[in-house]
Each structure stands twice: as C-alpha cells, then as structure tokens.
**Student:** 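Please see the structure below; I have some questions.
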Amino acid sequence: MNPSIFARQPLSFRKTAAVLIVAMVLMWFDSKNPNWFAPIRSTSHAAMQPIYEFSLLPSFAQHWSAGRLESQESLRRENVQLKSELIHAKAKLQQQDYILAQNARLQGILSTTRPEQFDLNLAQVIGTDTNPLKQIVVLNKGEEDGVQVGQTVIDEQGILGQIINVYPNTSRLLLITDELQSVSVTVKRTGQRAIVTGEGTPTTLKLNYVFKTSDVRVGDQLISSGLGGRIPAGYQVGKVRYVDPNKGDNFMHIEVTPAANLIDNSYVLILQDKSARAIARSNQSSELAPPIISESIPDSVNVASGSDSLTQP
C-alpha cells in the first residue's frame, strides 16, 4: 500500500497541518456559536497584554526621551527668562531705592538749618579739583546763583567746608579736611572750645590745642562755635574717635571723624546769609537807579517863610 502524502512529509509539517486543521475547525465552531469560546478568547487576550506592552516599549522610550529633552529645554529657557526678569526687577528696585534715598537726603538737608537766618541754595557736586593733594570739589552753582566767597556749605549731617572761588555758573568748595582749613568748635558735652584742623584725608580731622587736663572723651560731639565769624555756630563738625593723652608735651593727640559725608556726597547746601543778600540787593538797586537832578532856584526868587506863595522883587 502506498503511503499517504502526509506520511511522506516531515513531522514538523504534519504537526503544522494538523494544528491548522484544528484551528480551522475551531474557527468554524466559533463563527457558529461565539459564546462557547468567549472565556478562552478573554483569557488569551489577557495573556497577550504583557507582550503588547513590551512591544510598545521602544515607542514609549522614544516619546519619553523626546519629551524629557523638550521639557529640560523649556525649563532652561524659562529659567533664563525668569533670571533676566529678576535682574531687571532688581535693577529697577535699586534705582527706586536710590531715588528714595536721595529724596530722604534732600529732605534731611533742607531741614538742617534755620530758614529765618539763611537762604538755602541747593547745589550738586559735579567734580573734584585737578590737584589730588587738595580737598576741593566743584559745585554747579556760581555767582549768578548768589554764591559768594566765604559762604559755608553743609549737608544733612554737618559742615562740609567753605566756598573759596566763585565763577559765573560754578564754584569751588574747600572741605574742612584740607590741611589749610580749620574750624572753631565746642565740645557739646562740656562746652570746651578748641580748633579742628584738616589732615588732608576725607576721613580724618584733628582736634588741636586741648590740654591733657581737659575732659575730652571718645564719642564726644564737636559743634561749630562761630568764633571768628567765618562759619556759623551750631552745626555738627565731627565726633571724637581717638584720644592719646601721652603723645605730645602739653596737648593731647585727638583724632576726629567728620560728621558730614565728604567722600560720595552728591548734593550740598550753601548757606547764604539773608541780611548780606538784602544789603547786596539794596546796593545793586541803588546803583541801577537813575540819578536825581536838582534844579537850583534863581536868586531873584524869594521863598516866603510859612507861605506857599513866591514873591518877586
């Protein structure tokens, strides 16, 4: 007897054909009555779910990495933008703080003196002297603004110095820290009088002619005494910083910290005496007034005493 076609084929092929036939029979029964195989179908789908998810891992990894990189880039751009906005906000805040500080300083300056005694001329420091060894600054007010040589200049904390040169629109201010400048002062606590002299540096003054037996302590405030008439009395000059009673023969070595801001002051106040300005205005008006021409009465005209009539011979 001749063998069948399946007998002549390899075992693997026969197994495959048998599985296909069984599959086709099952498919036919499933098409006729789907409810029979519903539990098997559900179980097979549940068993295949991990395989489906595993097959999607490369796609998930690609999307995750792309989203991760995009998220990092967007966060980096957002961080840079926020940093830039923060820098701008801080810059604006600094400018506002500067304006508020300047406003407070100007209000302090205008409230440091008695308006009934002086006219207050607010000036701005626009430069320094070309000689680095001199403690001189240049102001933006001059002769046209009523500035005169010898006028005292202060800030909201104390005396700065005196005007030494006046030009039409500018003036030069010699600070009290210059070696050629000195101010008569009074120790506020004791009333003792002395003289403060500049040391050539903007941070140090020297209190001269104080005997070793005098009662001067660190922290004592020095007020202008007004002696000599150059600088008005009652303004802060400085505070005693260091006292050495053993240095020198008869006088103590005393260092003073200036009360005024002599390093980075932007606005200052020029004290202009009202009485002096009134005299100057009156003199100027008298010079500008036209001369009075008097006409002489002829000798032939006699004025009768006690009478409004004129009589002629």
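Keep in mind that the numbers below use all heavy atoms, side chains included, and drop hydrogens, waters and symmetry copies.
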**Student:** Between the side chains of Arg189 and Gln221, is a donor N or O closer than 3.5 angstrom to an acceptor N or O?
**Tutor:**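 There is no such pair between these side chains.
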**Student:** Does the side chain of Tyr167 reach to within under 4.5 Å of the side chain of Arg172, using non-hydrogen atoms?
**Tutor:**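 They are in side-chain contact.
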**Student:** How many angstroms lie between CG in Leu262 and CG in Leu173, if you round to the nearest 0.5 Å?
**Tutor:**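 Between Leu262 CG and Leu173 CG, I get 9.0 Å after rounding to 0.5 Å.
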**Student:** Would Leu175 end up clustered with Val138 when hydrophobic side chains under 4.5 Å apart are linked, directly or stepwise?
**Tutor:**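 They do not share one cluster, since no chain of ILVMFWY contacts under 4.5 Å joins Leu175 to Val138.
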**Student:** State, without any angle test, whether Thr204 and Glu199 hold a side-chain donor-acceptor pair at a distance under 3.5 Å.
**Tutor:**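 No pair is found: no donor N or O on one side chain lies under 3.5 Å from an acceptor on the other.
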**Student:** For a side-chain hydrogen bond (donor to acceptor under 3.5 Å, both in side chains) check, start with the C-alpha distance between Lys141 and Asn121, then their side-chain angles and the critical distance, and finish with the verdict.
**Tutor:** CA-CA 8 Å; Lys141 295 295 180 67; Asn121 195 346; 3.0 Å; yes
**Student:** Is any side-chain heavy atom of Val237 closer than 4.5 Å to one of Ile176?
**Tutor:**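 Heavy-atom side-chain distance check passes, below 4.5 Å.
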**Student:** Within the supplied structure, the quantity of interest is the number of heavy atoms (other residues, nucleotides, ligands) at a distance under 6.0 Å from Glu143 CD; does it exceed 12?
**Tutor:**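 Open: at most 12 neighbouring heavy atoms sit under 6.0 Å from CD of Glu143.
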**Student:** Nearest 0.5 angstrom please: Gln135 CD to Asp129 CG, how far?
**Tutor:**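 With rounding to 0.5 Å, CD (Gln135) is 10.0 Å from CG (Asp129).
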**Student:** Any chain of hydrophobic side-chain contacts (each under 4.5 Å) joining Leu122 to Leu120?
**Tutor:**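 The answer is yes; both residues are in one hydrophobic cluster.
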**Student:** Taking a hydrophobic cluster as the set of Ile, Leu, Val, Met, Phe, Trp and Tyr residues connected by side-chain heavy atoms closer than 4.5 Å, whether directly or through intermediates, do Ile270 and Val166 fall within one such cluster?
**Tutor:**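 Yes, it is one cluster - the side chains of Ile270 and Val166 are joined through contacts under 4.5 Å.
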**Student:** Is there a chain of hydrophobic side chains (I, L, V, M, F, W, Y, each step under 4.5 Å between heavy atoms) that links Val196 to Met252?
**Tutor:**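 The answer is yes; both residues are in one hydrophobic cluster.
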**Student:** Between the side chains of Asp155 and Asn261, does any donor sit under 3.5 Å from an acceptor?
**Tutor:**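 There is no such pair between these side chains.
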**Student:** Decide side chain to side chain contact (heavy atoms under 4.5 Å, CB included) for Ile195 and Ser182; before the verdict, give the C-alpha distance in whole Å, the side-chain angles of both, and the deciding distance to 0.1 Å.
**Tutor:** CA-CA 7 Å; Ile195 296 178; Ser182 60; 3.9 Å; yes
**Student:** Among Asp178, Leu180, Leu174, find the residue that satisfies the side chain to side chain contact (heavy atoms under 4.5 Å, CB included) test when tested with Ile164.
**Tutor:**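 In the set Asp178, Leu180, Leu174, the residue that makes a side chain to side chain contact (heavy atoms under 4.5 Å, CB included) with Ile164 is Leu174.
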**Student:** With the side chain counted from C-beta on, respond yes when Gln192 and Val216 share a heavy-atom pair under 4.5 Å apart, and no when they do not.
**Tutor:**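 In short, these two side chains touch, coming nearer than 4.5 Å.
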**Student:** For the side chain of Ser224 and the backbone of Tyr235, is there at least one donor-acceptor N/O pair under 3.5 Å apart?
**Tutor:**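 Yes: the side chain of Ser224 pairs with the backbone of Tyr235.
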**Student:** Ile163 pairs by side chain to side chain contact (heavy atoms under 4.5 Å, CB included) with which of Leu271, Thr152, Val153?
**Tutor:**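 Among Leu271, Thr152, Val153, the one that satisfies the side chain to side chain contact (heavy atoms under 4.5 Å, CB included) with Ile163 is Val153.
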**Student:** If you look at every heavy atom in Ala194 and Leu207, which pair is closest and at what distance?
**Tutor:**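 Shortest heavy-atom separation between Ala194 and Leu207 comes out as CB-CD1, 3.6 Å.
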**Student:** Taking atom NZ as the centre, does Lys134 end up with more than 12 heavy-atom neighbours from other residues, nucleotides or ligands that are less than 6.0 angstrom away?
**Tutor:**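 Counting neighbours around NZ of Lys134, more than 12 heavy atoms of other residues, nucleotides or ligands fall under 6.0 Å, so yes.
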**Student:** Work out which heavy atom in Gln236 is nearest to a heavy atom in Ala259; give both atom names and the distance.
**Tutor:**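 Nearest heavy atoms, Gln236 then Ala259: CB-CB, 3.9 Å.
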**Student:** Verify the distance criterion only: is there a donor paired with an acceptor across the side chains of Thr190 and Asp215 at less than 3.5 Å?
**Tutor:**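 Their side chains do not contain a donor-acceptor pair, so the 3.5 Å distance test is not met.
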**Student:** I'd like to know if the side chain of Gln162 and the backbone of Gly150 have a donor-acceptor N/O pair within less than 3.5 Å.
**Tutor:**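 Such a contact is found between Gln162 side chain and Gly150 backbone.
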**Student:** Taking the side chain as everything from C-beta on, heavy atoms only, tell me whether Gln272 gets closer than 4.5 Å to Gln148.
**Tutor:**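 No, every pair of side-chain atoms sits at 4.5 Å or beyond.
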**Student:** Nearest 0.5 Å, what's the CZ-CG distance between Arg193 and Leu227?
**Tutor:**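 Rounded to the nearest 0.5 Å, the CZ-CG separation comes to 4.5 Å.
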**Student:** Which pair of heavy atoms, one from Leu139 and one from Val125, lies closest together, and at what distance?
**Tutor:**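 In terms of heavy atoms, the two residues are closest at CD2-CG2, 3.8 Å.
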**Student:** Check the pair Tyr242 / His253 against side chain to side chain contact (heavy atoms under 4.5 Å, CB included), numbers first and verdict last.
**Tutor:** CA-CA 8 Å; Tyr242 174 75; His253 176 75; 4.0 Å; yes
**Student:** Hey, could you give me the CD/CD1 distance between Gln151 and Ile231, rounded to the nearest 0.5 Å?
**Tutor:**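 It comes to 12.5 Å.
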**Student:** Answer with yes or no whether the hydrophobic clustering places Val137 together with Val147; edges join I, L, V, M, F, W, Y residues whose side-chain heavy atoms lie under 4.5 Å apart.
**Tutor:**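 They do share one cluster, since a chain of ILVMFWY contacts under 4.5 Å joins Val137 to Val147.
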**Student:** Find out whether Thr203 and Ile263 are in side-chain contact, i.e. whether some heavy atom of one side chain is under 4.5 Å from a heavy atom of the other.
**Tutor:**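 Yes. Closest side-chain heavy atoms under 4.5 Å.
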**Student:** Minimum heavy-atom separation for Ala233 and Ser225, please, with both atom names.
**Tutor:**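 Nearest heavy atoms, Ala233 then Ser225: CB-O, 3.3 Å.
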**Student:** Distance check, rounded to the nearest 0.5 Å: Asn140 atom CG versus Ser171 atom OG?
**Tutor:**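 Answer for the CG-OG pair, Asn140 versus Ser171, is 8.0 Å.
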**Student:** Does the side chain of Arg230 come under 3.5 Å of the side chain of Ser184 through a donor N or O and an acceptor N or O?
**Tutor:**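 On atom types as modelled, these side chains do not qualify, holding no pair under 3.5 Å.
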**Student:** Rounded to the nearest 0.5 Å, what's the gap from OH on Tyr209 to CZ on Phe251? Could you check?
**Tutor:**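 CZ of Phe251 is found 7.5 Å from OH of Tyr209.
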**Student:** Report yes if the side chains of Glu78 and Leu75 come closer than 4.5 Å at any heavy-atom pair, otherwise no.
**Tutor:**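 They are in side-chain contact.
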**Student:** Going through the checks in order, is the side chain to side chain contact (heavy atoms under 4.5 Å, CB included) test met by Thr257 and Leu205?
**Tutor:** CA-CA 6 Å; Thr257 300; Leu205 296 170; over 6 Å; no
